[in-house]
Amino acid sequence: YTNIIKFYSNILKDCDLIYSRYRKYFFINNLLSKKYNIPLVHEFNGSEVWVDKFWNKVQVDNLDQKLEDEILKNSEYRLCVSRPLKKIADNKYKKNNILIENGVNFKKISNIKGNFKNIKNNLSKNKIKIAFSGTFGHWHGCEVLAKAYLYLYQINKIHDLELIFIGSGTTLEDTKKILKPIKNLSYKFYGMVDFNTNIKILKNCDILVSPQINNQDNSIFFGSPTKIFEYMAIGKKILVSDCGDLPKYIFKNYNGFLFRSNDHLDLAKKILYLKSTFIKNISYNSKLTAKNKFDWNKRYQKMYNTIYNK
């Protein structure tokens with residue numbers, strides 16, 4: 001503790017605010033905030049005690065919950081990335097809970113060119129390309145997208161689609177098993193790639209999907225997926241599940257489309273619709289939404305204005 005205080009003393013002497021993403025057991029910023037009398041803002045992406053219990057299958061007890069509550073309660077502000085999380089924070093911590101969704105670096109994505117030869121050569125030229133980018137987590141719904149693709153391929157005999165997954169995680173192998181009956185490998189798993197390569201792949205696709213599902217304990221999905229805002233900034237057709245806060249980001253026929261969460265048949269239906277339908281200005285509208293509403297600079301400005309009452 002003494003060494004940490006010494007290390008931070010020179011850094012914090014000129015600081016007006018400490019910003020920290022909440023992490024389980026990580027209370028050093030609370031101590032630094034008290035010692036140097038600097039306001040602490042915790043970014044609240046969800047209860048890590050809940051995540052350990054339901055997603056990581058780790059045993060938790062009352063002490064874990066008490067420590068989490070103390071860490072969050074003893075910060076000046078809590079920045080909640082979704083309305084479900086703000087509702088939890090309002091019930092537990094009463095005041096100074098700010099709703100600020102995740103966002104995107106619009107300029108950075110705009111400056112990444114999609115004409116990357118190696119990627120183009122690795123993608124089918126005459127197929128509609130459907131892509132997911134992100135973690136294969138319990139809440140990301142990759143299996144739903146795989147089931148929708150399998151249904152289109154086997155039942156509807158739609159063979160002019162190519163499915164692309166970028167990323168890795170817990171449900172990766174389950175997702176691959178769903179697609180195993182498709183023998184001609186009209187799908188690709190890129191695994192983990194760097195940010196620029198990720199964006200280049202997505203820019204060469206036609207439909208970008210964010211298939212989140214609600215939580216295992218039947219509570220509402222509480223995330224604010226960065227991928228949705230990246231999809232917007234890229235300017236492709238977007239398909240997003242209707243769970244949690246996600247319908248607040250997507251407006252039908254304007255910047256994207258919704259489908260029923262955890263319903264692979266509805267997702268398949270929407271893919272067929274977008275495959276054959278021209279939607280005027282959807283690319284422009286998506287980019288405009290990302291730039292004007294969800295750019296990180298806009299999120300920072302909202303936080304600053306709220307904290308300093310501007």
Side-chain angles (χ1 to χ4, degrees), residues 43 45 79-86 98-116 119 128-134 140-141 145 164 166 195-212 221-261 267 270-306 310:
E43 180 185 316
N45 284 267
L79 192 157
C80 308
V81 300
S82 70
R83 287 165 183 81
L85 285 179
K86 187 175 185 300
I98 311 168
L99 172 64
I100 301 183
E101 301 93 337
N102 282 321
V104 64
N105 187 331
F106 180 80
K107 184 177 180 180
K108 183 175 182 178
I109 286 181
S110 298
N111 288 337
I112 297 173
K113 305 303 179 185
N115 55 347
F116 188 50
I119 291 172
I128 301 296
K129 290 170 278 295
I130 304 159
F132 165 88
S133 169
H140 281 124
L145 177 55
I164 293 153
I166 307 167
F195 181 79
N196 280 24
T197 302
N198 178 35
I199 299 302
K200 287 176 181 179
I201 296 171
L202 294 177
K203 285 191 173 186
N204 280 284
C205 295
D206 303 289
I207 301 172
L208 309 181
V209 184
S210 190
Q212 277 74 17
F221 173 72
F222 51 73
S224 174
T226 305
K227 70 170 63 60
I228 294 177
F229 311 121
E230 291 175 348
Y231 289 175
M232 288 181 187
I234 290 168
K236 299 291 182 175
K237 294 176 180 177
I238 304 171
L239 268 172
V240 178
S241 78
D242 66 354
C243 65
D245 253 9
L246 307 191
K248 304 287 185 184
Y249 314 147
I250 301 297
F251 308 101
K252 183 180 177 182
N253 288 327
Y254 180 76
N255 65 348
F257 292 82
L258 296 170
F259 66 93
R260 288 192 297 272
S261 175
L267 174 54
K270 298 294 170 55
I271 288 172
L272 280 180
Y273 173 76
L274 290 186
K275 169 182 175 290
S276 57
T277 305
F278 171 76
I279 299 105
K280 187 179 180 181
N281 294 331
I282 195 165
S283 176
Y284 173 79
N285 293 337
S286 291
K287 290 180 179 180
L288 197 66
T289 305
K291 182 180 180 181
N292 291 346
K293 191 171 183 181
F294 293 111
D295 187 85
W296 283 122
N297 288 326
K298 302 288 185 183
R299 320 317 291 149
Y300 162 75
Q301 199 61 53
K302 181 178 178 181
M303 180 186 75
Y304 179 89
N305 291 345
T306 303
K310 297 293 183 182

query = Checking side chain to side chain contact (heavy atoms under 4.5 Å, CB included) for the pair Leu258/Lys252: CA distance, chi angles, key distance, verdict?
reply = CA-CA 7 Å; Leu258 296 170; Lys252 183 180 177 182; over 6 Å; no

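In this structure, the separation between NZ on Lys280 and CG on Asn253 is 13.0 Å, given to the nearest 0.5 Å. In this structure, CD1 on Ile166 lies 8.0 Å from CD1 on Ile199, to the nearest 0.5 angstrom. Between Lys270 atom NZ and Ile207 atom CD1 the span is 12.5 Å, to the nearest 0.5 Å. Thr289 OG1 to Phe229 CZ: the interatomic distance, rounded to the nearest 0.5 Å, is 10.5 Å. Taken from NZ in Lys108 to CD in Glu230, the straight-line distance is 9.5 Å, to the nearest 0.5 Å. Atom CG in Asn45 sits 8.0 Å away from atom OG in Ser224 (nearest 0.5 Å).
The side-chain heavy atoms of Lys200 and Ile112, taken from C-beta on, include a pair separated by under 4.5 Å. Thr226 has its side chain out of reach of Val104: every pair of non-hydrogen atoms, C-beta onward, lies at least 4.5 Å apart. Contact check for Tyr249 versus Lys293: no side-chain heavy atoms found under the 4.5 Å cut-off.
In terms of the ring pair (Phe, Tyr, Trp, His ring centres under 6.0 Å) criterion, residue partners of Tyr273 (sequence neighbours excluded) are, by chain and number, Phe257. Partners of Phe106 by ring pair (Phe, Tyr, Trp, His ring centres under 6.0 Å), not counting sequence neighbours: none found. Residues meeting the salt bridge (Lys or Arg N to Asp or Glu O under 4.0 Å) test with Asp295, sequence neighbours left out: none. In this structure, the salt bridge (Lys or Arg N to Asp or Glu O under 4.0 Å) partners of Lys275, at least two apart in sequence or on a different chain, are Asp160. Residues passing the ring pair (Phe, Tyr, Trp, His ring centres under 6.0 Å) test with Phe259, sequence neighbours excluded: none.
No option in Ser261, Ser82, Ser241 other than Ser241 meets the side chain to side chain contact (heavy atoms under 4.5 Å, CB included) test with Leu246.
Taking every heavy atom of both residues into account, Ser210 and Ile228 meet most closely at OG-CG1, 3.4 Å.
Using a 30° and 60° split on the angle between ring planes, Tyr300 and Tyr304 fall in the tilted class, from 30° to 60°.
Heavy atoms of other residues, nucleotides or ligands lying less than 6.0 angstrom from OH of Tyr284 number 12 at most. Surrounding NZ of Lys291 are at most 12 heavy atoms belonging to other residues, nucleotides or ligands under 6.0 Å away.
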Side-chain donor/acceptor pairs under 3.5 Å, residues 231-239, sequence neighbours excluded:
from, atom 1, to, atom 2, distance (Å)
Tyr231, OH, Ser133, N, 3.1
Tyr231, OH, Val209, O, 2.9
Lys236, NZ, Lys203, O, 3.1
Lys236, NZ, Cys205, O, 3.2
Lys237, NZ, Leu274, O, 2.6
Lys237, NZ, Thr277, O, 2.6

